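Some notes on the structure that comes next.
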Amino acid sequence: MNQDSIRINVLLFGACREAAGISELGCDLSLPATAANAWTELKRQFPALAAFERNALVAVNEEHARMDHILNDGDTLAIFPPVSGG
Amino acid sequence: MNQDSIRINVLLFGACREAAGISELGCDLSLPATAANAWTELKRQFPALAAFERNALVAVNEEHARMDHILNDGDTLAIFPPVSGG
Amino acid sequence: MSPDIFEITREPIDKPGLEQRLVTGAAGAVVTFDGVVRDNTKGRSVLTLQYEAYEPMAVKEMQRVGEEIRKQWPDVERIGIVHRFGELKISESSIVIVVTSPHRRVAFEACRYAIDRIKQTVPIWKKEIFEDGEAWVEGQRPDSDQNHGR
Amino acid sequence: MSPDIFEITREPIDKPGLEQRLVTGAAGAVVTFDGVVRDNTKGRSVLTLQYEAYEPMAVKEMQRVGEEIRKQWPDVERIGIVHRFGELKISESSIVIVVTSPHRRVAFEACRYAIDRIKQTVPIWKKEIFEDGEAWVEGQRPDSDQNHGR
């Protein structure tokens, strides 16, 4: 890995996981990288995720985050639809 | 019992029962008779009840009632302080 | 016959059993209020509480609270109210109220209404036993509360 | 260490056990919310519900709800929140929330706040399994709710 890119861990949950057909993967991103950049890359790899364009939420390292959140090497990015627990 | 008087059953609860030192008694009242008349008679028999003059509540035949409720022969009159269950 | 439950008992209240009897297939929310004996009143240590009930009237008044709830919240599935009397130790339950409904708002509102009303209308009295004395708990006069009238 | 309880589990929730761990001597009110699986959604028969959780984050978010409660209602004695995941049958509990406090108002308000917040912030998702199909339950976007921001 060179210093112009980072590797993050991606977790998918709920309908996003089901659409992508995968629950966890590694993802390389060029710097500077935001959650939105990761989302774009994931949609490229898993086109079915495009259905969640307006609804997908993200968490970085187990904290709710916004799409403009800046990612660092080794971060865990979770992608999911609005929560529906309880 | 003649037709000018009735006999009622009286029940006392809580601090009223404790003050009177009795939980149940029969009481004869001249007609026409209200709960207030019964209360006056009870205070005569059990002077300690006077301490509840402002607080005593009544129920007639297991229904909350006002002091001007008219009593009939055989009625059950309950006398008690404000409730404090729960 | 109403499927609701209104009981007065000397025995410890079986809360899980009560809840189980009230969870219907249509229920999505179960809200339970459990009133337990506190170890103090305004800082003064309580040893036990003695509850006294006018039993038949208390059951009737609890049923009336149930009717009021069904009128105000038609979506309620089931109501259960069990009040204990006799001598109760610290942390024992004096009253358990269970309301089930399809959605949570109704169960919360109806359960809270139930305990508020019971404290106004159900003929039960309690006396606190302290280490160095005892005292009847003062109830509110009904006319001091606008909600009492009916 | 906080005496409050925040757990995610695959196993059936032990509601009486949870309540017992949270009833302190100073507690006079125990309010419990129990979310159970309804047998229908808008009239369509449900067979089971499948819950999926982002486990470590879900526990963190439940703890955060607990912190919010303690800030808003300092009189709360104890908070317990247990959320189950996996496949649940009709009338099984998906979540149990218990709040104890000296007096009832606080326990009611805090318990209701807890379930409202959990439905907004805790990363758990559910899918309804019908006789003839299945569907993820749609959550609300956080920005559609003013309370979400923090």
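Numbered from 1 within each chain, the chains take letters A, B, ... in sequence-line order. Owing to the predicted nature of the structure, the values given are computational and were not obtained by experimental measurement.
The CD1 atom of I129(C) lies 14.0 Å from the OG atom of S45(C); values are rounded to the nearest 0.5 Å.
When heavy atoms are compared at a cutoff of 4.5 Å, A58(C) does not approach chain B at all. For E134(C), the part sitting under 4.5 Å from any heavy atom of chain B is the side chain, from C-beta outward, and nothing else. Looking at Y51(C), the atoms closer than 4.5 Å to chain B (heavy atoms on both sides) all sit in the side chain, from C-beta outward. Contact annotation for I124(C): both backbone and side-chain heavy atoms come within less than 4.5 Å of a heavy atom of chain B. Looking at K60(C), the atoms closer than 4.5 Å to chain B (heavy atoms on both sides) all sit in the side chain, from C-beta outward. Within the 4.5 angstrom heavy-atom criterion, no atom of S23(B) approaches chain C. Contacts between V137(C) and chain B at a heavy-atom distance below 4.5 Å involve backbone atoms as well as side-chain atoms. With a threshold of 4.5 angstrom between heavy atoms, R54(B) approaches chain C through N, CA, C or O but not through any side-chain atom.
Using a 3.5 Å distance cut-off with no hydrogens or angles, the side chains of T76(B) and E62(B) do not pair a donor with an acceptor. For the residue pair T34(B)/N37(B), the side-chain donor-acceptor check at 3.5 Å is satisfied. In the model, T24(C) has a side-chain atom that pairs as donor or acceptor with a side-chain atom of E77(C) under 3.5 Å.
Side-chain atoms of M67(B) and W39(B), non-hydrogen and from C-beta on, do get closer than 4.5 Å to each other.
Applying side chain to side chain donor-acceptor pair (under 3.5 Å) to D4(C) and the options R70(C), R21(C), Q63(C) leaves one that passes, R70(C).
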